[in-house]
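Structure, as structure tokens:
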Amino acid sequence: MEKTGRDYIVFPLDVAEMDEAQFLVRKLEAHVAMFKVGLELFIGQGPDILKMIRDLSDAGIFLDLKLHDISETVFRAMARVADLGVDLATVHGCSSKKMLEMAVQGARGRVGILGVTLLTDNDGDTLAGGGFAERFSADPMELVMLRAKLACDAGCQGVVCSGREAAGIKARFGRDFLAVTPGIRPAWSLMPGDDQKRVTTPAQAIDQGSDLLVIGRPIRDADDPAVAARKVIAEIETALENLRHA
Ligand code: C5P
């Protein structure tokens, strides 16, 4: 069955309290494919938050803890994540292939593991400041591709990357290797001083072949989050239609 606009949207529940998260799940469950639970909410509420999402919606759950530690610790932590019954979970791709492999082993095929390539609030200047070689700071895509290769070789289901990098990743690692893209900013939501740097619109991300679009503040901070989600869905569906006729 062909994917609809809704099937592409991952909404991050970037709030601290259970009742705020509950409000957003109720408001958006008809409009999104997955809810993403990150550090703020999981540290504050623990696994109860996952039960709440399951009780109120049929959407998938993406547990975005971005694990990064020695490989053995990542293995043991991912084994606990696998017991939580979530669909996707993240591990940083900036360490070793071994760490990524151990995350995949810990998951035991029960949760899809995504490697985070380069955070979307990082750019060439961030890399230069972090001591990376000029070939990476001049072209962050080089680093994204190197980390995507590690993730692919380690058996990850895909990567988190910016929409700008999705086409290159899909071309190199295949259609089934997921490109999950945060840093999504519809033209109507561009805000001065945004912390996200390597941004794309929903339509650009679809054109580039992104499989899932993580879109938070443009929806969360809208006057009516459901209306904003519907606008994003319409933009995605127009982009899909254009691709079909291209
Ligand atoms: O759309 P918005 O900028 O609000 O989305 C922020 C969300 O995307 C946060 O939950 C953040 O953890 C997540 N994220 C990101 N960059 C990545 C990976 C995840 O911004 N590379």
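In this chain, residues are counted from 1 in sequence order. Scope of the values below: all heavy atoms of this structure, side chains included, with no hydrogens, waters or symmetry mates. In each ligand, atom 1 is the first atom listed, and ligand 1 is the first ligand listed.
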I'd like to know if the side chain of [X] and the backbone of [Y] have a donor-acceptor N/O pair within less than 3.5 Å.
X    : Y    : result
S137 : A128 : no
D87  : F62  : no
R230 : A228 : no

For [atom], what's the nearest protein heavy atom and its distance?
atom                    : value
atom 19 (C) of ligand 1 : K66 NZ, 3.4 Å
atom 9 (C) of ligand 1  : D14 OD2, 3.2 Å
atom 16 (N) of ligand 1 : T120 OG1, 2.9 Å

More than 12 heavy atoms of other residues, nucleotides or ligands under 6.0 Å from CG of D55: is that the case?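 Yes, because the 6.0 Å sphere around CG of D55 holds more than 12 heavy atoms from other groups.
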Which of the numbered atoms in ligand 1 are under 4.0 angstrom from any heavy atom belonging to [X]?
X    : result
V160 : 18 (C), 21 (N)
R217 : 1 (O), 2 (P), 3 (O), 4 (O)
D64  : 12 (O), 19 (C)
V214 : 8 (O)
L119 : 17 (C), 21 (N)

Does the pair R217/D14 count as a salt bridge with the N-to-O cut at 4.0 Å?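 Answer for the salt bridge query: no.
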Look at atom 11 (C) of ligand 1 and find which of R185, E40, K36 reaches it with the closest heavy atom.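 Among R185, E40, K36, the closest heavy atom to atom 11 (C) of ligand 1 comes from K36.
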Considering G183, S189, P182, which one's heavy-atom position lies nearest to atom 15 (C) of ligand 1?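 Checking each option, the heavy atom nearest atom 15 (C) of ligand 1 is found in P182.
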Would you say that T200 contacts I184 through its side chain, given a criterion of any heavy-atom pair below 4.5 Å between the two side chains?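 Heavy-atom side-chain distance check passes, below 4.5 Å.
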R220: heavy atom below 4.0 Å from ligand 1, yes or no?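 Not so, R220 does not reach ligand 1.
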Considering all heavy atoms of both residues, which atom of S57 and which atom of V25 are nearest to each other, and what is their separation?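 That would be CB-CG1, 4.2 Å.
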Show me the pairs that pass salt bridge (Lys or Arg N to Asp or Glu O under 4.0 Å) and involve residues 115-124, at least two apart or across chains.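 As it turns out, there is no salt bridge (Lys or Arg N to Asp or Glu O under 4.0 Å) pair with a partner in residues 115-124 once direct neighbours are skipped.
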Would you say G216 and ligand 1 have an N/O pair spaced under 3.5 Å apart?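 Right, the criterion is met.
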